Amino acid sequence: MEKIKMTIPLVEMDGDEMTRVLWKLIKDELLLPFIDLKTEYYDLGLEYRNQTDDKVTTDSALATKKYGVAVKCATITPNAARVEEYHLKEMWKSPNGTIRAILDGTVFRAPIIVKGIEPYVKNWVKPITIARHAYGDVYKATEMKIPEAGKCELVYTKENGEEIRELIHEFKGAGIVQGMHNLNHSIESFARSCFNFAIDTKQDLWFSSKDTISKKYDHTFKDIFEEIYEKEYKEKFEGLGIEYFYTLIDDAVARVIRSNGGYIWACKNYDGDVMSDMLATAFGSLSMMTSVLVSPDGKYEYEAAHGTVQRHYYKYLKGEETSTNPIATIFAWTGALRKRGELDGNKELMVFADKLEQACIHTVESGKMTKDLAIITTLKEAEALNTEEFIKAVRHTLEASL
């Protein structure tokens with residue numbers, strides 16, 4: 001068959017360790033034989049980030065703003081051990097955090113539903129999408145160890161020098177303190193991204209926080225969501241027959257467990273971090289979780305929700321066989337290709353993305369899967385394949401559908 005043409009490139013962000021190996025296999029086996037692939041390539045592997053003083057990460061985010069669609073491989077966020085292992089100049093920041101800040105985006109994560117990989121919560125028959133605010137809270141907090149008795153205050157100094165003070169605590173001995181912040185502008189962007197995504201996907205939207213305890217911080221989130229909804233989105237939601245509502249996060253957890261799925265659950269930064277992993281595990285596997293960063297002005301960056309699969313990479317370097325699940329990374333590519341096709345009016349590209357996703361699902365449902373799924377599947381005769389075998393099985397299924 002003639003290769004599918006692309007007119008505008010998407011931004012390609014390569015990554016680290018085992019997912020970098022998967023990245024090349026996916027391109028070689030599942031994309032390049034079928035698509036005249038056009039990308040603007042950025043190497044976000046840790047070595048090259050270090051070489052460029054992390055400028056490459058900023059450049060890739062700016063390119064995403066230019067072209068509107070990006071696909072990203074998983075990357076290492078270095079800790080002290082990684083600084084030593086990779087001989088880094090410094091402990092570079094999370095690439096995801098840098099990209100989120102530049103795009104002012106919200107992260108949406110949803111499970112990939114496959115027959116034979118049953119959710120631990122049996123009534124979950126539809127995916128639950130987590131919308132995670134990607135700014136502030138504990139991720140930009142300032143922390144201090146309190147060595148001995150003393151007074152700790154929260155102080156805000158206006159530009160004219162006037163001060164506002166609030167007592168945090170009168171310490172009688174050693175302790176700890178943490179100060180965190182957020183920005184109204186960032187919360188507004190978060191809200192609009194959530195409302196727009198709900199409209200795009202025609203799903204109900206929930207937002208949860210703990211405003212009964214946090215009467216200023218969390219309550220501000222609640223108020224901003226409500227104000228934007230009433231002014232800008234209420235009529236659109238009602239026209240589509242979808243609903244927005246606010247609830248306390250503990251009530252949201254109870255509702256989620258009792259629900260059938262099929263909605264978006266918007267959370268503050270830390271809540272979204274924890275709940276997305278909880279949902280991924282409860283749906284079956286973190287390697288079966290999609291992730292897309294959406295900016296309020298409609299820029300999209302697709303990636304897998306999981307990390308670089310370090311343990312498998314070390315086995316791979318020793319020449320040992322690995323059975324790493326590539327499905328979430330494949331779905332990052334299909335999400336980006338579908339969105340590129342949608343924006344460009346390229347129906348062939350959109351159809352290809354759909355068929356590649358279906359090929360992954362049908363391959364697993366036929367009993368051929370990687371080891372992580374074979375361990376938990378309810379299918380009677382599952383065959384655990386290594387990484388390359390599974391990708392080639394997906395290609396065989398894809399070619400039959402094309």
Side-chain angles (χ1 to χ4, degrees), residues 8-24 26-27 38-109 132-141 183 186 189-190 193 269 272-273 276 290-310 313 328-329 332-333 335-336 339-340:
I8 299 173
L10 54 82
V11 177
E12 177 185 354
M13 306 173 185
D14 211 342
D16 287 301
E17 297 188 320
M18 199 64 208
T19 43
R20 189 181 181 97
V21 176
L22 295 179
W23 199 256
K24 186 176 187 307
I26 290 165
K27 286 178 68 178
K38 292 187 184 302
T39 71
E40 186 162 303
Y41 178 87
Y42 293 87
D43 185 356
L44 266 57
L46 190 50
E47 294 97 333
Y48 194 65
R49 276 185 276 146
N50 189 59
Q51 187 179 324
T52 63
D53 294 334
D54 207 29
K55 182 177 181 295
V56 64
T57 305
T58 299
D59 290 344
S60 71
L62 294 175
T64 304
K65 293 186 81 168
K66 176 182 177 181
Y67 291 107
V69 183
V71 59
K72 180 182 173 294
C73 184
T75 48
I76 294 168
T77 298
N79 55 17
R82 295 295 205 165
V83 170
E84 186 175 337
E85 179 184 357
Y86 283 87
H87 309 291
L88 302 181
K89 298 174 188 175
E90 62 179 82
M91 197 181 296
W92 303 110
K93 294 179 180 179
S94 159
N96 289 349
T98 299
I99 294 163
R100 287 170 195 159
I102 291 171
L103 294 181
D104 194 20
T106 295
V107 180
F108 296 89
R109 290 183 169 175
R132 174 187 170 189
H133 187 211
Y135 179 82
D137 298 348
V138 296
Y139 301 88
K140 282 192 173 288
L183 306 173
S186 180
S189 294
F190 172 44
S193 290
N269 207 347
D273 191 357
S276 63
T290 64
S291 183
V292 56
L293 178 72
V294 183
S295 72
D297 60 345
K299 313 300 184 200
Y300 296 79
E301 181 249 304
Y302 295 83
E303 61 180 331
H306 59 72
T308 59
V309 204
Q310 180 184 9
Y313 182 61
T329 304
W333 273 103
K339 180 56 67 174
R340 182 77 279 161

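The structure presented is a predicted model; accordingly, all values stated were derived computationally and were not measured.
Residues passing the side-chain hydrogen bond (donor to acceptor under 3.5 Å, both in side chains) test with Asn269 are Arg132, sequence neighbours excluded. In terms of the ring pair (Phe, Tyr, Trp, His ring centres under 6.0 Å) criterion, residue partners of Phe108 (sequence neighbours excluded) are, by chain and number, Phe197. The side-chain contact (heavy atoms from CB on, under 4.5 Å) check on Leu183 picks up Tyr135, His181, Ser186, with sequence neighbours excluded. By the side-chain contact (heavy atoms from CB on, under 4.5 Å) test, Gln51 pairs with Tyr48, sequence neighbours left out. For Thr58, the side-chain hydrogen bond (donor to acceptor under 3.5 Å, both in side chains) test picks out no residue, with sequence neighbours left out.
Heavy atoms from other residues, nucleotides or ligands lying under 6.0 Å from CD of Glu90 number more than 12.
Put simply, the side chain of Arg340 gets close to the backbone of Pro9: a donor and an acceptor are under 3.5 Å apart. With hydrogens and angles ignored, the 3.5 Å screen pairs no side-chain donor or acceptor of Arg100 with any backbone N or O of Gly105.
For the pair Thr329/His306, a side-chain contact is recorded, criterion being any heavy-atom separation below 4.5 Å from C-beta on. Using a 4.5 Å heavy-atom cutoff, the side chains of Leu10 and Trp333 are in contact. Side-chain contact between Thr19 and Thr308: present, with at least one pair of heavy atoms (C-beta onward) separated by less than 4.5 Å. Residues Ile76 and Tyr86 meet the side-chain proximity criterion, which asks for heavy atoms closer than 4.5 Å. At a threshold of 4.5 Å between non-hydrogen side-chain atoms, the residues Ile99 and Leu293 count as touching. No side-chain heavy atom of His87 sits less than 4.5 Å from a side-chain heavy atom of Asn50.
Residue Leu44 forms a side-chain contact (heavy atoms from CB on, under 4.5 Å) with just one option from Asp14, Thr57, Thr98, Thr52, and that option is Thr57.
Annotation for Tyr302 and Gly335: closest pair CZ-O, 3.4 Å, computed over non-hydrogen atoms. In plain terms, the two heavy atoms of Met91 and Ala80 that are nearest each other are CE-N, 3.6 Å. In this structure, Ala134 and Val107 approach most closely via the heavy-atom pair CB-CG2, 4.4 Å.
The OH atom of Tyr300 sits 13.5 Å away from atom OG1 of Thr64, with the distance rounded to the nearest 0.5 Å. Atoms CD and CD, from Gln310 and Glu85 in turn, are 6.5 Å apart once rounded to the nearest 0.5 Å. Here the straight-line distance linking atom CG of Asp43 with atom CG of Asp59 works out to 12.5 Å at 0.5 Å rounding.
Ion pair Asp54/Lys89 not flagged as a salt bridge, since none of the NZ, NE, NH1 or NH2 atoms sits closer than 4.0 Å to an Asp/Glu carboxylate oxygen. A salt bridge links Asp16 to Arg49: at least one charged side-chain nitrogen sits closer than 4.0 Å to a carboxylate oxygen. A salt bridge does not link Arg20 with Glu47: every distance from a Lys NZ or Arg NE/NH1/NH2 to an Asp or Glu carboxylate oxygen is 4.0 Å or more.
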Under 3.5 Å donor-acceptor pairs involving side-chain atoms of residues 65-74, not counting sequence neighbours:
{"unit_1": "Tyr67", "atom_1": "OH", "unit_2": "Glu40", "atom_2": "OE1", "d": "2.9"}
{"unit_1": "Lys72", "atom_1": "NZ", "unit_2": "Thr75", "atom_2": "OG1", "d": "2.8"}
{"unit_1": "Lys72", "atom_1": "NZ", "unit_2": "Asn96", "atom_2": "OD1", "d": "2.9"}

